[in-house]
2 protein chains.
Amino acid sequence: MNRFLSNATNRIDAKGRVSVPSTFRAVLAQAAVSELYAWQDFVFPAVSMAGPEVLDRFERMIGSQDPFSAEANKMSLLIHGGGVFMKLDGEGRLLVTDFIRDFTGITDRVTFAGRGDHFQLWEPAAFEEMQSRARKERTAIS
Amino acid sequence: MNRFLSNATNRIDAKGRVSVPSTFRAVLAQAAVSELYAWQDFVFPAVSMAGPEVLDRFERMIGSQDPFSAEANKMSLLIHGGGVFMKLDGEGRLLVTDFIRDFTGITDRVTFAGRGDHFQLWEPAAFEEMQSRARKERTAIS
DNA sequence: TGGGCCACCATGGGCGTCAATGGGAACCAG
DNA sequence: CTGGTTCCCATTGACGCCCATGGTGGCCCA
C-alpha cells in the first residue's frame, strides 16, 4: 500500500513517546522518508505529517494563488512559520511535543488518521466527534 | 458470477474472525482482489467492503474539489480516516474489529449482504429489520 | 428415485512472529 | 552536575499463518 489509510489510537508512554502505526511506517519506508515534516491542519485541530516533499507542493500551491490574498498569506504562515521537522526513533516512535499537544489537545493518547498522502495526529475524542459530524452532514446531503 | 448477490449469516469465532461467504470470495478472486477496502456506509449502520478501486473512485470525487477546502478536507476525513484496508486469512476469514463492531452493533454473528459491486456487514437483526421495512415501503407504493 | 460417497465450506484452535509498550542506561547540552 | 533525549533491550499481547474437524449439500451410481 502506498498511501496513508485508516486510523489507529496509540498510547503515549511516560517519556512522551508514541508509536506510529506500522502501516504508516511502511508507507514512509517505501517512500524512503527518514525525516517527517509536520504542520497544523488548516481546518481541524490536528497536526499533519508527511515527507518533506509536501513542502514543494504547498509552495507551488501558494505560488499559484494571489500572493496578496488572505488565504495565501495564512497558508504560508502555517506552512513556513508553523512547520516542524520531526524524526522517529529506532522503534518508530515520535516524541509528542508541546507543538502537538497545544494545538490538538492531546494528553495521553493519540489517534493517527490516514489522509492519503499524509497522516494526522488527533486527540481521540475530537477525532470521533469530527468524523461522526462529517458523516451526518454527508447523510443530510445525500 | 461477477457481482455480490444474496445474503448469508455466519458466526464469529472466539478469536473474533468470521468466514466471508464463499460466493463472495469467488467474486473477489475473479477480480484478483487480495486486499479489501472497507468503509462505513453513509446511510445504514453497515460496513461496506470492496476492492481498492472504489477508493480510487472516492478519491477522484475529492480530487475534483479545491484540495484545500473544508469540504474536501471533511470528505477525506471520512474516506481516508474512516476507511480501513483489511485482508482475509488463508481460509477466507476476516477479523471483526472494533471499527466494525462499534458502527454496526455486531457482537457474535454477521450478516453478509451482497450489494452488486460491493458487499456489506450487518448485525443480523438490523438487517432483517431494514429489509422488511424496505419491503413494506415498496408494497405500499405499488 | 433412493442411498451413499465425496468435496467443499464453515468453524475451531495451535503456534510463531511482530508490533506496541515499558524501562534502563548511555549521551549530550546547558 | 542535571534534565532531557536518544539508543537499546525486554515483555506481552495481538495477529497472521497453518492444520484439523465436522457438517452439509451435491453428485453419482445402483
Side-chain angles (χ1 to χ4, degrees), chain A residues 1 4-30 33-36 38 49 84-102 106-114 119-124 127, chain B residues 1 4-30 33-38 47 49 84-102 106-114 119-124 127:
Chain A
M1 192 47 51
F4 300 101
L5 272 181
S6 129
N7 66 80
T9 301
N10 289 338
R11 176 188 317 277
I12 298 178
D13 68 20
K15 293 175 164 182
R17 301 169 301 182
V18 66
S19 295
V20 175
S22 67
T23 52
F24 289 2
R25 298 206 307 263
V27 176
L28 294 172
Q30 189 182 319
V33 170
S34 63
E35 217 172 16
L36 287 170
M49 293 190 177
V84 179
F85 273 105
M86 310 201 77
K87 54 198 270 275
L88 306 183
D89 70 9
E91 278 69 45
R93 290 180 284 198
L94 63 84
L95 196 59
V96 182
T97 59
D98 286 341
F99 168 76
I100 296 173
R101 291 178 194 270
D102 292 346
I106 288 170
T107 56
D108 63 336
R109 286 157 29 97
V110 180
T111 293
F112 290 83
F119 64 89
Q120 298 185 317
L121 279 62
W122 285 74
E123 197 284 313
F127 179 73
Chain B
M1 186 53 53
F4 302 102
L5 283 176
S6 142
N7 67 82
T9 301
N10 288 337
R11 175 187 315 279
I12 298 178
D13 69 18
K15 291 165 101 175
R17 301 170 301 183
V18 66
S19 294
V20 174
S22 67
T23 52
F24 290 2
R25 297 206 307 265
V27 176
L28 294 172
Q30 188 183 320
V33 170
S34 63
E35 224 173 9
L36 288 170
Y37 175 68
V47 168
M49 294 191 174
V84 182
F85 268 112
M86 312 201 75
K87 50 200 274 278
L88 307 184
D89 69 10
E91 280 68 46
R93 290 177 288 196
L94 63 84
L95 193 61
V96 183
T97 59
D98 286 341
F99 168 78
I100 296 174
R101 292 177 193 270
D102 293 346
I106 288 170
T107 56
D108 63 336
R109 285 156 29 95
V110 180
T111 294
F112 290 84
F119 63 89
Q120 297 185 318
L121 279 61
W122 286 75
E123 197 284 314
F127 180 72

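We use all heavy atoms of the structure for the numbers below, so side chains are in, but hydrogens, waters and symmetry mates are not. Chain A is the first sequence line, chain B the second, and so forth, proteins listed ahead of strands; every chain is numbered from 1.
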By side-chain hydrogen bond (donor to acceptor under 3.5 Å, both in side chains), which residues pair with [X], not counting sequence neighbours?
| X | value |
| --- | --- |
| B/R101 | none |
| A/T23 | none |
| B/D102 | none |

Has the side chain of A/N10 got a donor or acceptor atom that lies under 3.5 Å from a matching backbone atom of A/S19?
yes
Can you build the contact string for nucleotides 13-24 of chain C? Use B for base contact, S for sugar-phosphate-only contact, and - for no protein heavy atom under 4.0 Å.
BBB---SSBBBB
Nt span of DNA chain D in reach of chain B heavy atoms at under 4.0 Å, 5' end first, is D/dC15 to D/dC19
B/M49 and side chain to side chain contact (heavy atoms under 4.5 Å, CB included): which single residue from B/V33, B/I100, B/V20, B/L28 fits?
B/I100
A/F112 meets the ring-ring contact (aromatic ring centres under 6.0 Å, His included) criterion, sequence neighbours left out, with none
Rounded at 0.5 Å granularity, tell me how far OG in A/S6 sits from CE in B/M86.
9.0 Å
